Trainee: 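Below is the structure I would like to discuss, written out as structure tokens.
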Amino acid sequence: MPEPSLSIIIPTCGRETLGRTITSIREQLSTYEDEIIVVGDGVQLVARGILSLPDWRFHYFEHGPTNHYGNEQRDFGMDKATGDFLWFVDDDDIIAPGALNTIHTELSLAPSVPHMFSMQIGDTVYTGANGSQGGPMLITPNDKNKLSRWSGNVYCVDQHFCSKINEHYGSFSVHHEIIYIGDKYNRGQP
């Protein structure tokens with residue numbers, strides 16, 4: 001059986017930090033057939049520039065503007081995604097060193113369930129085991145019949161999205177490895 005593929009969906013409002021986010025992913029892609037879908041909240045010239053280098057794994061779209069914290073852009077990205085699993089990454093954060101290897105190892109062991117990993121913001125580590133569930137911690141199967149939507153002008157819709165995925169599957173496969181590092185200085189900014 002082939003290794004499950006991953007669609008990494010990144011909504012962007014044009015932050016300069018998107019370059020750092022893309023670099024953290026690109027550095028780990030060498031052995032994977034994953035795709036990266038970046039969706040601008042309307043016209044985003046910074047994102048266009050960052051993603052102008054040709055690389056078949058990176059796809060750039062624009063949807064909106066909506067100014068809804070990237071929620072509609074995540075939904076748009078889900079509709080475009082062709083990977084077996086989905087991962088939602090923000091444009092002001094990075095993926096942890098070794099994250100793609102960790103994720104692919106776990107997906108290969110349990111290829112039909114959602115996976116909840118850990119993330120770090122500053123000195124704090126959030127784990128699915130301690131009740132914290134953020135969108136960047138979740139790797140969910142790309143099953144259109146079991147996906148929820150992100151839509152709405154709500155900042156912290158992550159918990160709702162994760163809850164709906166949990167309802168559809170009954171549980172998550174929980175892992176303690178950190179796959180995501182959040183920007184502690186940008187919390188709460190659209």
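This one's a predicted model, so the numbers in the text were calculated from it and none came from an experiment.
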Trainee: Quick check for you: to the nearest 0.5 Å, what is the distance between Ser5 atom OG and Arg57 atom CZ?
Mentor: 13.5 Å
Trainee: Take the angle between the ring planes of Phe76 and His63 and call it parallel below 30°, perpendicular above 60°, tilted in between.
Mentor: parallel
Trainee: Are side-chain heavy atoms of Ile178 and Val125 found at a separation under 4.5 Å?
Mentor: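 They are in contact (side-chain heavy atoms under 4.5 Å apart), so the answer is yes.
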Trainee: Apply the test side-chain contact (heavy atoms from CB on, under 4.5 Å) to residues Phe117 and Ile139: give CA-CA distance (whole Å), side-chain angles for both, the deciding distance (0.1 Å), then the verdict.
Mentor: CA-CA 8 Å; Phe117 291 88; Ile139 311 293; 3.7 Å; yes
Trainee: Heavy atoms only: give me the nearest Gly135-Trp150 pair and the separation to one decimal.
Mentor: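 Shortest heavy-atom contact: CA-CH2, 3.8 Å.
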Trainee: Taking transitive links into account, so neighbours of neighbours count too, which hydrophobic residues share a cluster with Ile94 at under 4.5 Å side-chain distance?
Mentor: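 Joined to Ile94, directly or through intermediates: Ile181.
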Trainee: Between the side chains of Tyr32 and Asn101, is a donor N or O closer than 3.5 angstrom to an acceptor N or O?
Mentor: yes
Trainee: Evaluate Val46 against Arg15 for side-chain contact (heavy atoms from CB on, under 4.5 Å), listing each step before the verdict.
Mentor: CA-CA 7 Å; Val46 169; Arg15 291 183 178 113; over 6 Å; no
Trainee: Do the side chains of Asn142 and Lys144 get nearer than 4.5 Å, heavy atoms only?
Mentor: yes
Trainee: If you define the side chain from C-beta out and look only at heavy atoms, does anything of Leu138 sit under 4.5 Å from Thr140?
Mentor: yes
Trainee: Considering non-hydrogen atoms only, spot the tightest contact between Ala81 and Ile37 and give its length.
Mentor: CA-CD1, 3.6 Å
Trainee: With side chains defined as the heavy atoms from C-beta onward, is the minimum distance between Pro141 and Pro114 less than 4.5 Å?
Mentor: yes
Trainee: Tell me the closest heavy-atom pair linking Tyr126 and Met137, and the distance in Å.
Mentor: O-CE, 3.5 Å
Trainee: Of all the heavy-atom pairs spanning Gly182 and Ile121, show the shortest one and how long it is.
Mentor: CA-CG1, 3.9 Å
Trainee: Between OH of Tyr60 and CD1 of Ile36, what distance do you get to the nearest 0.5 Å?
Mentor: 15.5 Å
Trainee: For Asp41 and Asn67, indicate whether the former's side chain and the latter's backbone hold a donor-acceptor pair under 3.5 Å.
Mentor: yes
Trainee: Could you pull out all donor-acceptor pairs under 3.5 Å where a side-chain atom in residues 162-169 meets a protein atom, sequence neighbours excluded?
Mentor:
from   : atom 1 : to     : atom 2 : distance (Å)
Asn166 : OD1    : Ser171 : N      : 3.1

Trainee: What residues form a salt bridge (Lys or Arg N to Asp or Glu O under 4.0 Å) with Glu62, not counting sequence neighbours?
Mentor: Arg48
Trainee: Salt-bridge test for Arg74 and Asp79: reply yes if a basic N is under 4.0 Å from a carboxylate O, no otherwise.
Mentor: no
Trainee: Kindly list each side-chain donor-acceptor pair under 3.5 angstrom involving residues 20-29, sequence neighbours excluded, with atom names and distances?
Mentor:
from  : atom 1 : to     : atom 2 : distance (Å)
Arg20 : NH2    : Asp92  : O      : 2.6
Thr21 : OG1    : Thr17  : O      : 3.3
Thr21 : OG1    : Asp91  : O      : 3.2
Thr21 : OG1    : Asp93  : O      : 2.6
Thr23 : OG1    : Gly19  : O      : 2.9
Ser24 : OG     : Thr21  : O      : 2.7
Ser24 : OG     : Ile95  : N      : 3.1
Gln28 : OE1    : Ala99  : N      : 3.0
Gln28 : OE1    : Leu100 : N      : 3.0
Gln28 : NE2    : Ala96  : O      : 2.9

Trainee: Working to the nearest 0.5 Å, report the span between OG of Ser148 and CG of Asp75.
Mentor: 8.0 Å
Trainee: Side-chain contact test, heavy atoms from C-beta onward, threshold under 4.5 Å: evaluate it for Asp90 versus Ile10 and give yes or no.
Mentor: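 In short, these two side chains do not touch, never coming nearer than 4.5 Å.
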Trainee: Between Asp158 and Pro136, is there a side-chain heavy-atom distance shorter than 4.5 Å?
Mentor: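 Yes, at least one pair of side-chain atoms sits under 4.5 Å.
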Trainee: Nearest 0.5 angstrom please: Ile9 CD1 to Phe88 CZ, how far?
Mentor: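 If I round to the nearest 0.5 Å, the distance is 4.5 Å.
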Trainee: Report yes or no: do Thr82 and Glu35 form a side-chain donor-acceptor pair below 3.5 Å?
Mentor: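 A pair is found: one side chain offers a donor N or O, the other an acceptor, under 3.5 Å apart.
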Trainee: Determine yes or no for a side-chain-to-main-chain donor-acceptor pair under 3.5 angstrom, with Gln44 supplying the side chain and Gly14 the backbone.
Mentor: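 It does hold such a pair.
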Trainee: Which atom pair, heavy atoms only, marks the closest approach of Val89 to Tyr180?
Mentor: CG1-CE1, 3.8 Å
Trainee: Who else is in the cluster with Leu45 when I, L, V, M, F, W and Y are joined by side-chain contacts under 4.5 Å?
Mentor: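 Val43, all in the cluster of Leu45.
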Trainee: Sort and list the pairs that fulfil salt bridge (charged side-chain N to carboxylate O under 4.0 Å, His left out) and have at least one residue in residues 104-117, not counting sequence neighbours.
Mentor: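 Counting only pairs at least two positions apart or across chains, no salt bridge (charged side-chain N to carboxylate O under 4.0 Å, His left out) contact touches residues 104-117.
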Trainee: Show your working on side-chain contact (heavy atoms from CB on, under 4.5 Å) between His68 and Gln73 and close with a plain yes or no.
Mentor: CA-CA 9 Å; His68 290 168; Gln73 288 69 34; 5.8 Å; no
Trainee: So which heavy atom on Asp84 is nearest to which on Pro4, and how close?
Mentor: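 Looks like OD2-CA, 3.3 Å.
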Trainee: State yes or no: do Val113 and Val174 share one hydrophobic cluster built from I, L, V, M, F, W and Y residues joined by side-chain heavy-atom distances below 4.5 Å, directly or via other members?
Mentor: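 Cluster IDs for Val113 and Val174 differ.
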Trainee: Parallel under 30°, tilted from 30 to 60°, perpendicular over 60°: which one fits the rings of His175 and His115?
Mentor: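 The rings of His175 and His115 lie parallel, inter-plane angle below 30°.
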